[in-house]
Amino acid sequence: MSSGFFDGINRIEFEGPDSLNPLSFRYYNPEEIVLGKRMEDQLRFSVAWWHSFAWEGTDPFGGPTFERPWHPQTDMSAARLKADIAFELFDLLGQPYFCWHDADLRPEQGNFGDNQRTLEEIVGYIEPKMQSCGTQLLWGTANMFSHRRWMAGASTNPDPEVFAFAAATVKSCIDATHRLGGENYVLWGGREGYETLLNTDLKTELDHMGRFLNLVVEYKYKIGFRGTILIEPKPQEPSKHQYDFDAATCIGFLRKYGLENEVKLNLEQGHAFLAGHSFEHEIALAAMEGMLGSIDMNRNDYQSGWDTDQFPNNAADVALAYYHILKSGGFASGGTNFDAKLRRQSLDASDLVAAHVGAMDICARGLKAAAAMIEEGTLSTELEKRYSDWNSPEAQAILAGDLDEISRLVLEKDINPQPRSGRQEILENYVNRFV
């Protein structure tokens with residue numbers, strides 16, 4: 001039985017690029033084959049439960065603007081209605097996946113026992129919905145940043161009881177993810193960082209964070225969870241300095257605590273921007289190290305200094321992101337999660353649908369452009385050409401030699417290299433041909 005929230009909105013269909021219907025797919029055709037796989041299987045789209053259903057339209061300076069039938073989210077009847085609405089949206093969009101934090105699914109109870117009980121209750125409500133439709137769980141995670149108990153961190157908190165509460169919370173969320181057949185479990189740092197070094201023991205906090213993540217991996221094997229454990233880099237906000245600053249920082253952390261073969265990265269466009277990187281940089285780096293797991297697709301406002309979590313709309317940026325994803329072999333257990341929210345003035349149910357439709361279309365355009373660039377081959381050819389001199393025996397001898405040997409070689413051959421063009425503008429123009 002329909003809730004009525006999406007009354008008047010039909011299931012979104014692919015109508016092609018000439019369609020003028022704002023609630024239709026112009027580029028996203030789930031059955032289209034892209035590099036040997038269905039487009040749906042390449043992109044593996046996911047709706048974020050928190051932004052799409054739990055967020056009430058607040059910002060740092062203003063209260064809620066959305067008046068949803070399930071607001072305020074203070075009891076389990078509201079949680080069940082929210083779940084009903086969520087699966088109606090999944091059906092309208094043909095979404096293969098969704099993601100959640102525990103606090104998005106059920107109201108905060110104030111103590112662990114009741115939080116666990118209500119989480120189990122809502123999971124029991126969601127489970128048959130998943131069985132009767134095609135939408136599955138891409139990943140679950142725990143909200144360990146909103147409640148005041150987390151103000152000094154979770155695994156990095158100076159209070160051992162907070163560490164224990166966090167461990168119990170994550171266990172309950174992994175159990176829920178496992179029960180729902182989730183393909184990944186994400187640990188987002190939230191407030192795993194510091195405001196000032198005047199009251200922070202860096203070594204202790206990082207060691208505790210490393211131990212916590214090892215506990216998670218140990219528990220994964222104990223219960224037979226076959227999904228991938230992911231961590232999500234973020235440089236700042238809410239903490240002044242986050243320990244999971246960017247992909248490189250997280251990779252170093254994982255290696256330090258012996259987790260490089262157990263944990264991969266969930267990368268977000270907006271977080272890359274806050275770290276001073278491009279999304280393609282973070283993806284390429286993680287892929288290079290074999291640690292690319294999944295992505296949160298969104299964007300930030302270039303005129304704002306915080307994580308605005310807007311739906312993606314830049315085909316060129318998206319194309320370059322998927323270029324590196326496809327070059328690395330594509331997603332395994334990961335996917336494209338829309339960690340994105342409406343603007344506070346976009347009040348209608350149709351706005352929520354249209355936001356996802358547009359984002360799915362822009363990702364489809366980006367994916368097809370990336371695939372076309374791979375098939376055409378110019379970028380790979382140009383890259384190989386630029387480094388081709390390193391294939392010579394003389395160049396390999398330079399790498400194998402010591403400083404004395406290299407210095408003698410430069411003198412004997414009178415080496416005096418002249419700069420070569422990087423051809424950046426030509427390559428940028430090339431990319432623009434596809435987007």
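Values in this document were obtained by computation on a predicted structure and should not be read as measured data. Values below: every heavy atom of this structure, side chains too, minus hydrogens, waters and symmetry copies.
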Any luck finding a side-chain donor-acceptor pair between Y243 and E205 under 3.5 Å? yes

Point-to-point distance, once rounded to the nearest 0.5 Å, from CD1 of I223 to CD of E218: 13.0 Å

Residues forming a side-chain hydrogen bond (donor to acceptor under 3.5 Å, both in side chains) with S155, sequence neighbours excluded: E192

Would you say the side chains of E262 and Y257 form a donor-acceptor pair under 3.5 Å? no

Has the side chain of Q42 got a donor or acceptor atom that lies under 3.5 Å from a matching backbone atom of V34? yes

Heavy-atom donor-acceptor pair, S2 side chain to G4 backbone, under 3.5 Å: yes

In terms of ring plane angle, is the pair F311 and F338 parallel, tilted or perpendicular, where the classes change at 30° and 60°? tilted

May I have the step-by-step check of salt bridge (charged side-chain N to carboxylate O under 4.0 Å, His left out) for R106 and D102, ending in yes or no? CA-CA 7 Å; R106 50 99 186 123; D102 56 334; 2.9 Å; yes

Residue pairs meeting salt bridge (charged side-chain N to carboxylate O under 4.0 Å, His left out), one or both in residues 47-60, sequence neighbours left out, come to D59-R344

Main-chain N/O of S294 paired to K264 side chain as donor or acceptor, under 3.5 Å: no

S328 side-chain N/O to I325 backbone N/O, donor-acceptor pair under 3.5 Å: yes

Counting N and O atoms only, with roles assigned by atom type, does the side chain of S333 sit under 3.5 Å from a partner on the main chain of N184, one being a donor and the other an acceptor? no

Donor-acceptor contact present, side-chain E32 to main-chain M39, <3.5 Å: no

Evaluate the ring planes of H271 and W188, with Trp represented by its six-membered ring, and classify them as parallel (under 30°), tilted (30 to 60°) or perpendicular (over 60°). parallel

Establish, from distance only, whether the side-chain atoms of Y430 and E376 form a donor-acceptor pair under 3.5 Å. yes

Positive for side-chain contact (heavy atoms from CB on, under 4.5 Å) with L265, one of I251, L230, D246, L292: I251

Determine whether the aromatic ring centres of F98 and F90 lie less than 6.0 Å apart. yes

Please give me the minimum heavy-atom distance between K341 and T308, naming the atom from each residue. CE-O, 3.6 Å

For L180 and M130, the nearest pair of non-hydrogen atoms, with its separation, is O-CE, 3.2 Å

Would you call the rings of F45 and Y28 parallel, tilted or perpendicular if under 30° counts as parallel and over 60° as perpendicular? perpendicular

Return the orientation label for the F245 and H241 ring planes: parallel under 30°, perpendicular over 60°, tilted otherwise. parallel

Are any side-chain N or O atoms of S421 and backbone N or O atoms of R423, one a donor and one an acceptor, separated by less than 3.5 Å? yes

Under 3.5 Å: donor-acceptor pair, side chain of R44, backbone of G334: yes

Between F165 and H147, ring centroids under 6.0 Å: no

Donor-acceptor contact present, side-chain R148 to main-chain S146, <3.5 Å: no

S172: which residues meet the side-chain hydrogen bond (donor to acceptor under 3.5 Å, both in side chains) condition with it, sequence neighbours left out? none

Any side-chain heavy atom of D244 sitting closer than 4.5 Å to one from I231? no

Closest non-hydrogen contact found for P107 with N115 is O-OD1, 4.1 Å

May I ask you to check whether F225 and Y219 place their ring centres under 6.0 Å from each other? no

